[in-house]
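The residues of the chain are indexed from 1 along the displayed sequence. Since we're looking at a predicted model, the values are computed, not measured.
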Amino acid sequence: MDENVMLTRQEVADRLRVDKRWLIRNASEGPEYFKLPGGTIRYSEADLENWLKQRKVKD
């Protein structure tokens with residue numbers, strides 16, 4: 001994992017196997033993202049991995 005890799009909303013949705021609209025609706029609970037000029041949204045691959053690790057459930 002390269003800390004500098006930035007992912008599009010569609011790439012994140014594909015990795016999580018969710019609809020892109022889920023990311024939009026759950027923006028406050030979902031992975032952090034960057035809003036670039038012009039409204040472009042990008043997610044850090046490292047932030048996404050950390051967000052997923054925080055949600056791991058041990059049963």
Q: Find out whether Leu23 and Tyr43 are in side-chain contact, i.e. whether some heavy atom of one side chain is under 4.5 Å from a heavy atom of the other.
A: yes
**Q.** Asp14 and Gln10: side chain donor to acceptor below 3.5 Å
**A.** yes
Q. Ion pair present between Arg55 and Glu29, side-chain N to carboxylate O less than 4.0 angstrom?
A. no
Q.
Give me the atom names and distance for the closest heavy-atom approach of Met6 to Phe34.
A. CE-CD1, 3.3 Å
Q.
Would you say Ile24 ends up clustered with Ile41 if hydrophobic residues are merged whenever their side chains have heavy atoms under 4.5 Å apart, either directly or through other cluster members?
A. no
**Q.** Residue pair Arg15 / Leu7: nearest heavy atoms and the distance that separates them
**A.** NH2-CD2, 3.7 Å
Q. Are the side chains of Leu16 and Trp51 in touch, meaning some heavy atoms are under 4.5 Å apart?
A. yes
Q. Are Thr8 and Arg42 close enough that some pair of their side-chain heavy atoms sits under 4.5 Å apart?
A. yes
(Q) Does any part of the side chain of Leu48, heavy atoms only, come nearer than 4.5 Å to the side chain of Pro31, both counted from C-beta? (A) yes
